[in-house]
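Worksheet for the structure shown next.
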2 protein chains.
Amino acid sequence: MADSALQEQDEAPIRMGDITDSLGFLIRIAQIKAFDNFFANLGEHGLKPGEFTVLWVIGLNPGLRQGTIANTLRIKPAHMTKLTGRLVEKGFVARATAATDRRAVRLSLTPAGLEFVDAHKDSFLSFNFAEKDNLSDDEAAKLIALLKKFTGLNTCH
Amino acid sequence: MADSALQEQDEAPIRMGDITDSLGFLIRIAQIKAFDNFFANLGEHGLKPGEFTVLWVIGLNPGLRQGTIANTLRIKPAHMTKLTGRLVEKGFVARATAATDRRAVRLSLTPAGLEFVDAHKDSFLSFNFAEKDNLSDDEAAKLIALLKKFTGLNTCH
DNA sequence: CTCATTTAGTTTCCGCGTAAACTATTTTCT
DNA sequence: AGAAAATAGTTTACGCGGAAACTAAATGAG
């Protein structure tokens, strides 16, 4: 019957055509996978990927303006305000308005923030290696290099 | 005259350390870029990336169950309901409850949906090539192959 | 058969990220 | 100096995507 043929089709391989060659599509799927990986390995620390990234960059560049960090990490101002708020709430980050420009907000790690980054940077960074999954070391390195080039991160925008 | 030393520092290169070797971070940045590309080139058609992907897959597999498509495209059920609703609203997709299983919803393209896919598939698919940006053809092919492997899309889950 | 379990989708509610409007401060122009 | 423009962040309102609870229908155990 036509009906049974259709149902059979559900378990059969689904045709996806050339969409599987779409960079945008592949990147979206990769994003989901990377997100899953992150929470499976590092979820216990209670920070989301973007939050740790911001913490990390503040640690490397203490006193940087909030907007500059947002710009660098492609985070929009409105979101950056909330994200920073969360990190302040957790006691990891301190806001400071500079005397020279009272509009600007300069960010730095609190002692607790410093301690947190120090305590967990290894698992966060080593996670970046473990994350490769079904890629060989060589392939992962190649993928990272290509993504850097695609995103323009190698040329320092 | 206008710039203090501190402000100068803001424009100086920002240290990002090993985070630029993080797959998760790079994929997030790549996602943003791919999204921007999509809307710059195809935004006028009024469909978001995920919507066109779903439309495309329905076109290739008419009569497939909604949940099967969601599964394949890593879309969660709750979201799939809304996304399908939007496509139905636009008149591109028809829902049909099969007689054999009245819980299941089978999706197919309406004539308008078929026409839309036909009319725009070239620009959507050729976009996938144009999208490469600062990558050579060779590099883009390599990147796509590596992403397929990373996501497991080559092995058909 | 009929009650429990499983399955397909939907609904409700919530958080993330954004655009647009707004506030406060600095800079520029005359 | 004082008005106009630019800049840094915040607030508000909204859409997307997801988790959990829910509804309806099919399956299974006794």
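Each chain gets a letter, A, B and so on, in the order its sequence line appears, and its residues count up from 1.
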Starting from P on dC16(D), measure out to CZ on Phe38(B) and report it in whole angstrom. 13 Å
Separation between NZ of Lys33(B) and CG of Leu153(A), rounded to the nearest 0.5 Å: 10.0 Å
Between Phe39(B) (CZ) and dC16(D) (C1'), how many Å, whole number? 11 Å
Rounded to whole angstrom units, what separation is found between the CG atom of Leu107(A) and the P atom of dA8(D)? 14 Å
Results of salt bridge (Lys or Arg N to Asp or Glu O under 4.0 Å) for Glu139(B) - residues two or more places apart only: Lys149(A)
Taking only residues two or more places apart in sequence or in another chain, which ones pass salt bridge (Lys or Arg N to Asp or Glu O under 4.0 Å) with Arg103(B)? Asp101(B)
Starting at atom CD of Glu51(A), determine the distance to atom P of dG17(C), rounded to an integer number of angstrom. 8 Å
Taking only the side-chain heavy atoms of Arg86(A) (C-beta and beyond), determine which of dC16(C), dC16(D), dG9(D) contains the nearest atom. dC16(C)
Rounding to an integer number of Å, can you tell me how far Leu87(B) CG sits from dC16(D) P? 12 Å
Tell me the interatomic distance from Ile69(B), atom CD1, to dA8(C), atom P, rounded to whole angstroms. 14 Å
With sequence neighbours left out, the residues meeting salt bridge (Lys or Arg N to Asp or Glu O under 4.0 Å) with Asp36(A) are none
Hey, what are the protein-to-nucleotides 26-28 of chain D N/O distances that come in under 3.5 Å?
residue: dA26(D); atom: OP1; partner: Arg102(B); partner atom: N; Å: 2.8

Keeping to residues at least two apart or across chains, list the salt bridge (charged side-chain N to carboxylate O under 4.0 Å, His left out) pairs with something in residues 38-59 of chain A. Lys48(A)-Glu51(A), Glu51(A)-Arg86(A)
Please write out the pairs of protein N or O atoms and N or O atoms of nucleotides 10-14 of chain C separated by less than 3.5 Å, giving the distance to one decimal.
residue: dT10(C); atom: OP1; partner: Arg95(B); partner atom: NH1; Å: 3.3
residue: dT10(C); atom: OP2; partner: Gln66(B); partner atom: NE2; Å: 2.7
residue: dT10(C); atom: OP2; partner: Thr81(B); partner atom: OG1; Å: 2.7

Listed partners of His79(A) passing ring-ring contact (aromatic ring centres under 6.0 Å, His included), at least two apart: none
Starting from C1' on dC16(D), measure out to CG on Leu47(B) and report it in whole angstrom. 15 Å
Atom CZ of Arg28(A) and atom C1' of dG17(C): how far apart are they, to the nearest Å? 17 Å
Does a nitrogen or oxygen in the side chain of Arg65(B) sit under 4.0 Å from OP1 or OP2 of dG9(C)? yes
Is a side-chain donor or acceptor of Ser22(B) paired with a backbone partner of Asp18(B) at a separation under 3.5 angstrom? no
Is there any ring-ring contact (aromatic ring centres under 6.0 Å, His included) pair reaching into residues 86-118 of chain B, and which pairs are they, with sequence neighbours excluded? Phe92(B)-Phe116(B), Phe116(B)-His120(B)
Applying salt bridge (Lys or Arg N to Asp or Glu O under 4.0 Å), name anything that partners Lys142(A), two or more places apart in sequence or on another chain. none
